[in-house]
Structure formats: structure tokens, C-alpha cells
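See below for the structure under consideration.
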Number of protein chains: 2
Amino acid sequence: MSILNVADLAGVSVATVSRVLNGHTNVKPETRLRVMAAVERSGYRINELARNLRTAESRLLLTMVPNIGNPFYAEIVRGIDSVASQQGYFMLLCNTDGELGRERSYFDMLRRHRADGAICLDPTAIQQALAEESGALPWVACCEFDPAGGVPYVGIDNYRAAGEAMRYLLSRGRRRIALMNSGDGYLYAQQRQQAYLDTLAEAGLTPDLRWILNLDSLDYEAGAAAAVALATAGSDGPDAIFAVSDTLAIGVINGLRSVGRKVPDDVAVIGFDDIAIAAQIDPPLTTVAQPMQELGQTAARLLLRRLVEPAATLPGVLLPHRLMMRASA
Amino acid sequence: MSILNVADLAGVSVATVSRVLNGHTNVKPETRLRVMAAVERSGYRINELARNLRTAESRLLLTMVPNIGNPFYAEIVRGIDSVASQQGYFMLLCNTDGELGRERSYFDMLRRHRADGAICLDPTAIQQALAEESGALPWVACCEFDPAGGVPYVGIDNYRAAGEAMRYLLSRGRRRIALMNSGDGYLYAQQRQQAYLDTLAEAGLTPDLRWILNLDSLDYEAGAAAAVALATAGSDGPDAIFAVSDTLAIGVINGLRSVGRKVPDDVAVIGFDDIAIAAQIDPPLTTVAQPMQELGQTAARLLLRRLVEPAATLPGVLLPHRLMMRASA
DNA sequence: CTGAAAGCGCTAACAA
DNA sequence: TTGTTAGCGCTTTCAG
């Protein structure tokens, strides 16, 4: 059942069927009706494989994400999907899960025409892309990016946001502040750590090196375990913990509770992202909100624009964050 | 830069290049080397658009999900993605978000050859598929399914699982049990509600109709709001709440706390799914665990098998659930 | 073991 | 306004 059958059925040529199918206007209304009737009658469906080859586009957008199970990324993906589908594109989701090999050559999917463009949230992939000089490929960076890389990006000002979080903690009288960071493969991890260090220095404080933790996981469990270790080690524990992710922060609160520490009385906890669960737990999590959906939407719009005008130089855009003061700090 | 260029470069025909590219064995080693060198030298990448048309397969699996922002679905999607990618397939993610029109004709994507097969987690889509007699199409149902529909599926025994949850509540002395359900468009909602009703009846209890709630959202906020309403309405509130989703249950706990009710002392709360956060909150959530990753993996394997042998009649598979007794009930 | 050539189903010149 | 026709880049008989 191909376009040829429909053409025969309608008594026209394949070109005319194609025109009708694609909504071209230069078709006599009467002919259009006849074609549409033939399509209807035959139950014909266009073969997008053929169309894709002919038009040399897949109308697929590749999204590379470290872990779709993390609510932060899930929300961003929703944002991407909403604008993509609205523009007639579909989303190819690639969950790298930090597994080497899985993220190995996703950019090759662009070269192999499997996707028309890509949105990359994965730092490893970004580094690889930059290293490979995939700069000419149609992709944009989201959350993780290299401002100097020449690749369009959207994210937030991590340095400033983390500084605000830190100053908030200081303003509440906290002085013994620990940083619970993720692996430094992440740009945001580096920037937030720098802000942590600088803010402390500005306040005339010297950070205890044992309080700067680099976990290589954002899981609740990782945060909980680290918090237990932090709270039970040595004599004087920290009086505040700045976690670079809400998932970590929630784990931290759980861990502290398990060893009898009160939040925020004994230890204040501040998170990052403002995922939906943050407002639900006890105590409600004070955190730095990122506009997750908008991050995804903006990334998708940038990419789509790049596809339309490949020559245009797209801006790097920084979206506003917001300190959400709740009860945990 | 097409296969023809590579052929010229290697001094062979396109057929030979194709053979090498596809790992056919009937190529002289020496020739193979020459072709591989040419590929290397030219930076050639195969055009999958062309290959797809020729082989009449997209190697894409469509996944229809109500809301990827819900951790339950996100985990299942991870499961799907892990086996799909392992088998050389990629995942087209479609987030229906309950938006009509978005879920309208996803099955058409199969007919249009945009995907080779589909995994459907969305009840609306399933109903539509069944109604449309899409039975011949290569798709499988996951979590939501019609046992009599003739479509391969994987899920759990919702009736039995919900019954266990209810009996657990009863065994703890709870008698005034409310059901916080989602919209009845979901099979699981119907089955769990039936189990709720039956278990109560077996115990000689008559449910208070005002305690059977049908929310049309699984959001934390929806659960919180409903719990507040439940707890503050009338004189004698329920002494237990069975929520059909952990997200709802977590919202419930938050809502109860906001009006001064203690969990589990005043009101026991039991959830469903066992998403990662369930073990982290205070009190840790008692819930019915579903094997989320495995649900996704099984769905993907069923589908892949169906693609390989279209004629095979695949089984409906029910995976085991497990009651996770924690502190909330 | 290799090559010639047909053709997957569609779109878009170009011609009429 | 419509039709004819040449490919898009690949895989795969079929011959040699």
C-alpha cells in the first residue's frame, strides 16, 4: 500500500497525492477531495521512512540525559518534549546512566542522520563533543555547558545561585558549613564549589576540608550515607550542609534523622533544584529553584531555531534561579 | 559523502562496502581492510535514513507514558531503555500528559513506520488501541492492560496486591480506612478499588462512601489537599488511608501533618509503587513495591520478541509485588 | 568473493 | 493545475 496505489485509486499521479498529503495549495479543490477520499478508503498511511530519506530529515531530536530517574532531569525532559512535539518533532531519549560506551558515540547519531539535532545534558557527552570538534553539528547544551565552547546553551548562573545559598546560611548564623557535592565531572559541581569556597572566604571563614564531599552519585542513599558519616565523625560536626541536589539533600535529612540530629536545629540543610518533592518532606526543604521545564523548553527552542537557520549564531542563555526559603534551613 | 565515495576510494563496488559495513563474512579479508581504511580515511558515516527505507525498519521503539515526571514511570522507562539500547534499538519517548490530541494517534506512528513497535503505559492510549483494532500492530501493554484484549502485556496482580495492603491495615487494627484513588480511567485504579471494597466486606466492614476518593492527579499536591479535606471534614475521620500511588501517599502525609495529625498514630498511611523517595521520608512509607525496572525490561523484551517472530503468541506476564513494611502504617 | 543493477516510497524539479 | 521522472543512499538478489 503505497502512494502509487492511492494515486491509481484517485485517478491522479503520485505527485498530486504527494501535494495533497503535504498540504500544498496548488491543487484543485475537487482533486484534493478525490485524493483525500482515496486515502480514506484505502487506509493509506504515509511511509515516513521514505519521506525521511527523500527530505533528508528525521524530525527526531536526540536528548542525552544522565539519568531520567532523577526528577530534575525528568522535568527538563518534559519541557523538551512539550515544545518538540508541538513543532512536529519527536524525542529520542538516551539515558546514559554514566555507563561508558552508552554515551560513547551519541553524536554519531547526528552524523548518521538518526536525529536532526541533539540536546545534551550529560557532562561527559559534552566534553566528548567538544573534544571531537562536533561543534558544527546541530546540538545545544542544557544545564551543563562550556560558555567558551561556541555551542548554544541554556542553564543558570550556578556560581551566583550557590553564593546566594551560602550567604543565606551565613545570615542564619551558620558557620560550620559542609558541602555535599557530586563528582566534579559536572560543570555545576565545579561552579557551586567555587562559590562555596569564595563565600566562605569572604566571610573570613576557612572551610574544613573534610567537609567538602564529592560523591559520585545523586541518589538519596548516597546523601544519607554521607550525612551519617559526616555527623558521626569526630567531635564537632557541621551546623549546616549545602547539598548540590535536592535528592542528595533529602537523603541528608534522612541520614541526620537516623543518627538523632535535628534539622534545622542541629544542622541546617539546603538543597538545589526544587524538585516537586522538596516542598512535601518534613521539614520542607529550603533550596535553590531552577526553572526546570523552561530550561528544557528553551533548549528545544534553541535547537529548533538552529535547525531552521543553521548559520545563525545562537546566544547562551542563563535563566533565573530563586531561593526557596522553607524550613530545613 | 555516500557509500559510493567510499567504494571509489577503496576501489570496490558499493555492494562490497555494504557487505563490510554490515559485517557479512563473504568478503576477502584483504578487501575488507581496504574498505575499512577508506571508511576511516573519509570519515564516512552510514545514512540510516537510507538504510531504514531499504530494510523497512526504523529500529525505534515507541514508549507512551502518562507522565515521565512521575518517578514510577521514569523507572519503568529506564528499564525499557536499558534493554532496547542493548539490542540496538532506540527509544522514542512520548509523554501524553493526559493531553488529548497528544495521545490521539500515536499508534499511527507504527503504521507510518516511524517506529517498529510500541510499549504503552497509558490507559487512554490502550483503550483507543483496542477500540481501533490495532491488535495486529506490534505493541505491548505495560502496567495498564486488558487481559482479554489479546495484546501481550506485563504488569502486576493489582487486585491481590491491594488486598494485601488492606489486610495489613486491618491486621494493625485499622477499621476506618479511606481509599485515595486516581481517576478510574486506569485499570489499576479499578482493580485496587475492587480489592479495597472486597477486603472491607470480608472483614464485615461497610466503607464510608465519602472515604473513597477519586482524584484525577497523582501529584503530591493533590494528595495533600485531599488529605486535608478528609481530615478536617466532619467529626470522625479515617484512621488509615490507602493511597494507590506513593506520590499521593507522600502528599497525604504532608497534608495530615499540616493539620496536626500524626502518622501513623492518628492515621496510618500506605502507598503503592515503592519509588525511591518512599524510604527517605519521615515516617518512612509503608507501601506495595512494584518491580519497576523489571516491568520495563520485560515489556521491551516481549516487544522485541514480537518483532522477531510476529506470529508468536506472547504471554501476559504478571510480576511479583511485595509489601514493604515501614513506619507509616 | 565481487559487481551490476533493481528498487525501497517518497518529494520536487521540470515540463506541459 | 497536473504529470513525468529523477533521484535520496542504501541493501540485496543475481550473475559471474
Side-chain angles (χ1 to χ4, degrees), chain A residues 1-39 42-60 88 90 108-116 307, chain B residues 1-39 42-60 88 90 108-116 307:
Chain A
M1 182 40 53
S2 81
I3 201 173
L4 186 63
N5 301 280
V6 178
D8 287 351
L9 212 58
V12 298
S13 72
V14 293
T16 298
V17 176
S18 177
R19 288 188 189 103
V20 172
L21 255 25
N22 291 286
H24 294 190
T25 48
N26 52 346
V27 177
K28 208 203 304 182
E30 179 198 308
T31 310
R32 169 182 310 280
L33 252 34
R34 232 179 31 230
V35 170
M36 283 165 52
V39 167
S42 61
Y44 166 78
R45 293 294 188 291
I46 196 167
N47 183 333
E48 303 210 26
L49 258 25
R51 170 187 278 177
N52 288 344
L53 173 59
R54 181 55 229 231
T55 61
E57 60 172 17
S58 64
R59 297 203 75 84
L60 259 30
F90 287 95
D108 249 24
M109 296 180 69
L110 260 24
R111 298 196 189 88
R112 291 184 319 215
H113 298 271
R114 212 180 220 323
D116 293 341
L307 294 183
Chain B
M1 181 41 52
S2 83
I3 201 173
L4 186 63
N5 301 279
V6 177
D8 287 350
L9 212 57
V12 298
S13 73
V14 294
T16 299
V17 176
S18 178
R19 289 189 188 103
V20 172
L21 255 25
N22 291 286
H24 293 191
T25 50
N26 52 346
V27 178
K28 206 203 304 183
E30 180 197 310
T31 311
R32 171 182 307 281
L33 252 35
R34 228 172 41 222
V35 169
M36 281 164 53
V39 167
S42 62
Y44 167 77
R45 293 295 187 291
I46 198 169
N47 183 333
E48 303 211 25
L49 258 24
R51 170 186 279 175
N52 288 345
L53 172 59
R54 183 54 228 236
T55 61
E57 61 174 16
S58 64
R59 296 202 75 84
L60 259 30
F90 288 94
D108 247 24
M109 295 179 69
L110 260 25
R111 298 196 190 87
R112 291 184 317 216
H113 298 271
R114 211 180 219 323
D116 294 341
L307 293 183

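Chain naming here is simple, since letters A, B, ... match the order of the sequence lines and numbering starts at 1 in each.
- Side-chain N/O atoms of A/Asn22 and A/Arg51 include a donor and acceptor closer than 3.5 Å.
- Listed candidates were C/dT2, C/dT11, C/dG9. Nearest to the side chain of A/Ala50 is C/dG9.
- Phosphate proximity of C/dG9 to A/Ser2: absent, as no side-chain N or O sits under 4.0 Å from OP1 or OP2.
- Between the CZ atom of B/Arg32 and the P atom of C/dC1 there is a distance of 10 Å, given to the nearest Å.
- Straight-line distance from the CG atom of B/Asn26 to the C1' atom of C/dC1: 7 Å, rounded to whole Å.
- Here the straight-line distance linking atom CZ of A/Arg111 with atom CD of B/Glu48 works out to 13.0 Å at 0.5 Å rounding.
- Using a cutoff of 4.0 Å between basic side-chain nitrogens and carboxylate oxygens, A/Arg59 and A/Asp116 are not scored as salt-bridged.
- Distance CG (B/Leu4) to P (D/dC8): 10 Å, rounded to an integer number of Å.
- Of the candidates D/dT2, C/dC10, C/dA4, the closest approach to any side-chain atom of A/Thr31 belongs to D/dT2.
- Checking B/Thr55 against A/Ile46, the closest nucleotide of DNA chain C that is more toward the 5' end is the one next to B/Thr55.
- Atom CG of B/Leu21 and atom P of D/dC10 are 8 Å apart (whole Å).
- Atom pair B/Asp8:CG and C/dG3:P shows a separation of 11 Å (rounding to whole Å applied).
- Atom pair A/Arg19:CZ and C/dG9:P shows a separation of 21 Å (rounding to whole Å applied).
- In terms of position on DNA chain C, the residue among B/Leu53 and B/Lys28 whose nearest nucleotide sits closer to the 5' end is B/Lys28.
- For the atom pair NE2 of A/His113 and CG of A/Asp108, the computed distance is 11.0 Å after rounding to the nearest 0.5 Å.
- Comparing C/dC10, D/dT4, D/dC10 by their nearest atom to the side chain of A/Ile3 picks out C/dC10.
- Checking D/dT2, D/dC10, D/dG7 against the side-chain heavy atoms of A/Arg54 singles out D/dG7 as nearest.
- Taking only side-chain nitrogens and oxygens, B/Asn47 never comes nearer than 4.0 Å to OP1 or OP2 of D/dC8.
- B/Ala56 comes within contact range of no nucleotide atom at all, as no heavy-atom separation falls under 4.0 Å.
- If you take CG of A/Asn52 and C1' of C/dT11, they are 12 Å apart, rounded to a whole angstrom.
- Distance OG/A/Ser18 to CD1/A/Ile46: 7.0 Å, rounded to 0.5 Å.
- Listed pair B/Thr16 / C/dG3 meets the phosphate criterion, a side-chain N or O lying under 4.0 Å from OP1 or OP2.
- Residues A/Pro29 and A/Val14 both approach DNA chain D. Their nearest nucleotides, taken by heavy-atom distance, put A/Pro29 toward the 5′ side.
- Nucleotide C/dG9 holds its P atom 18 Å from the CZ atom of B/Arg111, rounded to whole Å.
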